[in-house]
There are 2 protein chains.
Amino acid sequence: MSNELTIGRVAKGTGCNVQTIRYYEQIGLLPLPRRSEGNQRLYDDSAVQKLSFIRHARELGFPLQAIRDLISLADRPDKSCEAADAIAREQLEDIGKRLQRLQALRSELERMVEQCKGGRIADCRVIETLGDHSLCETDDHVLPKVRP
Amino acid sequence: MSNELTIGRVAKGTGCNVQTIRYYEQIGLLPLPRRSEGNQRLYDDSAVQKLSFIRHARELGFPLQAIRDLISLADRPDKSCEAADAIAREQLEDIGKRLQRLQALRSELERMVEQCKGGRIADCRVIETLGDHSLCETDDHVLPKVRP
DNA sequence: ATACAGTCTACAGTAACTATAGGTTCAAGG
DNA sequence: CCTTGAACCTATAGTTACTGTAGACTGTAT
């Protein structure tokens with residue numbers, strides 16, 4: 001069977017919300033879908049696939065531009081996949097950094113929550129701890145260039 | 001010594017960039033600093049401390065609103081610290097989720113990069129893998145195969 | 001037949017910055 | 001003292017990736 005889905009069902013299926021799907025279409029990331037008699041979007045499996053790809057990549061932390069690049073690479077399957085590989089590698093490196101930082105920060109937060117047990121703010125370490133850089137294991141903010 | 005710093009020095013010291021400091025001031029997160037004769041901002045240690053707190057919290061993933069809340073809590077040190085604790089706990093939970101997902105995604109990316117070794121895109125799994133949800137360990141958006 | 005959930009377009013708003021233009025201030029070198 | 005160039009100032013616009021709203025239309029379940 002043709003298995004065409006309305007935008008709402010696609011949204012549910014992919015965990016993406018309806019406006020976001022329309023947004024992706026608008027910026028040219030998703031192809032224009034066919035429309036019903038009443039002008040409603042109807043998606044086939046390939047569109048769902050593509051959206052899954054996009055969402056998945058977004059969750060991996062790829063910016064839309066990188067995703068756009070990957071898609072356009074995919075449309076020229078004769079080329080070497082070096083470029084796609086490079087994008088993935090770059091992203092991988094970034095993810096490694098983010099993981100490390102998140103882990104360090106989690107233990108810090110855990111300690112904070114542990115220390116703050118129904119006391120008063122005067123004795124509460126949450127705020128103090130957050131102001132104190134010496135307790136932080138990641139030493140990458142002595143110099144600028146944050147924002148990954 | 002009075003130890004007053006220009007905005008640029010504060011920026012370097014905290015890893016925050018100059019515009020961002022002005023932005024924080026503009027949205028009322030940082031107090032108005034005193035100015036030099038020539039109208040340039042001059043910061044004392046307490047401002048640097050506060051900015052450190054903000055940056056640190058941002059790195060922990062706190063949104064500016066949560067930070068605003070924490071700051072206003074800190075200004076009423078007689079209250080119970082339950083509220084601050086709640087904010088931290090909430091954030092901690094969120095970080096846990098992000099960690100899990102990032103870890104899952106990293107192994108996926110690693111596999112992708114591994115499989116894509118100088119081949120052609122036709123044989124390259126980077127794009128395919130990113131479209132394939134079955135390989136993903138987080139299953140929070142599963143497709144409803146047929147209409148319920 | 002009607003209710004009502006889902007969809008449509010168009011546009012405004014959000015978070016958290018980042019960049020630009022066009023001017024002023026400050027510290028160092030000649 | 002004068003100049004030069006980096007750092008600073010304000011104001012405004014742009015960025016990314018969405019999210020929300022208004023007001024009208026469609027599709028379907030009862």
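Below, chain A is the first sequence line, B the second, and so on; all start at residue 1. Computed over heavy atoms, backbone and side chain alike; hydrogens, waters and symmetry mates excluded.
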Residues in side-chain contact (heavy atoms from CB on, under 4.5 Å) contact with P63(A), at least two apart in sequence or another chain: A66(A), Q91(A)
Starting from the C-alpha separation in whole Å, work towards a yes-or-no answer on side-chain contact (heavy atoms from CB on, under 4.5 Å) for D44(B) and R34(B). CA-CA 9 Å; D44(B) 57 13; R34(B) 97 175 185 87; over 6 Å; no
State the [atom1]-[atom2] distance between [X] and [Y], to the nearest 0.5 angstrom.
| X | Y | atom1 | atom2 | value |
| --- | --- | --- | --- | --- |
| N17(A) | Y23(A) | CG | OH | 12.5 Å |
| S52(B) | H56(B) | OG | NE2 | 9.0 Å |
| R35(A) | Q40(A) | CZ | CD | 9.0 Å |

Trace of the side-chain contact (heavy atoms from CB on, under 4.5 Å) decision for T14(A) with Y43(A): CA-CA 12 Å; T14(A) 55; Y43(A) 295 93; over 6 Å; no
Chain B contact limits on DNA chain D, taken 5' to 3' with a cut-off of 4.0 angstrom to heavy atoms: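 So the outermost contacting nucleotides come out as dC8(D) to dT10(D).
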Provide, to the nearest angstrom, the distance between the [atom1] atom belonging to [X] and the [atom2] atom belonging to [N].
| X | N | atom1 | atom2 | result |
| --- | --- | --- | --- | --- |
| N17(A) | dG6(C) | CG | C1' | 14 Å |
| L42(B) | dA27(C) | CG | P | 10 Å |
| Q65(B) | dT14(C) | CD | P | 13 Å |
| L29(B) | dA16(C) | CG | P | 10 Å |
| L32(A) | dC8(C) | CG | C1' | 15 Å |
| Q40(B) | dC26(C) | CD | C1' | 7 Å |
| R68(B) | dA15(C) | CZ | C1' | 11 Å |
| L51(B) | dC17(C) | CG | P | 11 Å |

Across the strands shown, which category fits I7(B) at heavy-atom distances under 4.0 angstrom: base, sugar-phosphate, nothing?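 Since only primed, P, OP1 and OP2 atoms lie under 4.0 Å of I7(B), the category is sugar-phosphate.
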Comparing nearest nucleotides in DNA chain C, the 5'-proximal residue of the pair Q19(B), G38(A) is G38(A)
5'-most contact on DNA chain D: T20(A) or E37(A), nearest heavy atom basis? T20(A)
Please determine whether residues L42(B) and Y24(B) belong to a single hydrophobic cluster, defined as Ile, Leu, Val, Met, Phe, Trp and Tyr linked transitively by side-chain heavy-atom distances below 4.5 Å.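 Result: no, two separate clusters.
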For nucleotides 9-13 of chain C, which of its nitrogen or oxygen atoms have a protein nitrogen or oxygen under 3.5 Å away, and what is each distance?
residue: dT9(C); atom: OP1; partner: R35(A); partner atom: NH1; Å: 3.3
residue: dT9(C); atom: OP1; partner: R35(A); partner atom: NH2; Å: 3.0
residue: dT9(C); atom: OP2; partner: R41(A); partner atom: NH1; Å: 2.9
residue: dT9(C); atom: OP2; partner: R41(A); partner atom: NH2; Å: 2.8

Steps toward side-chain contact (heavy atoms from CB on, under 4.5 Å) verdict (E25(A), I21(A)): CA-CA 6 Å; E25(A) 176 186 318; I21(A) 297 175; 5.8 Å; no
Phosphate-side-chain proximity, Y24(B) and dA16(C), N/O vs OP1/OP2 below 4.0 Å: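 It does not, given that no N or O in the side chain of Y24(B) lies less than 4.0 Å from OP1 or OP2 of dA16(C).
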Any donor-acceptor pair under 3.5 Å linking the side chain of D45(B) with the backbone of V48(B)? no
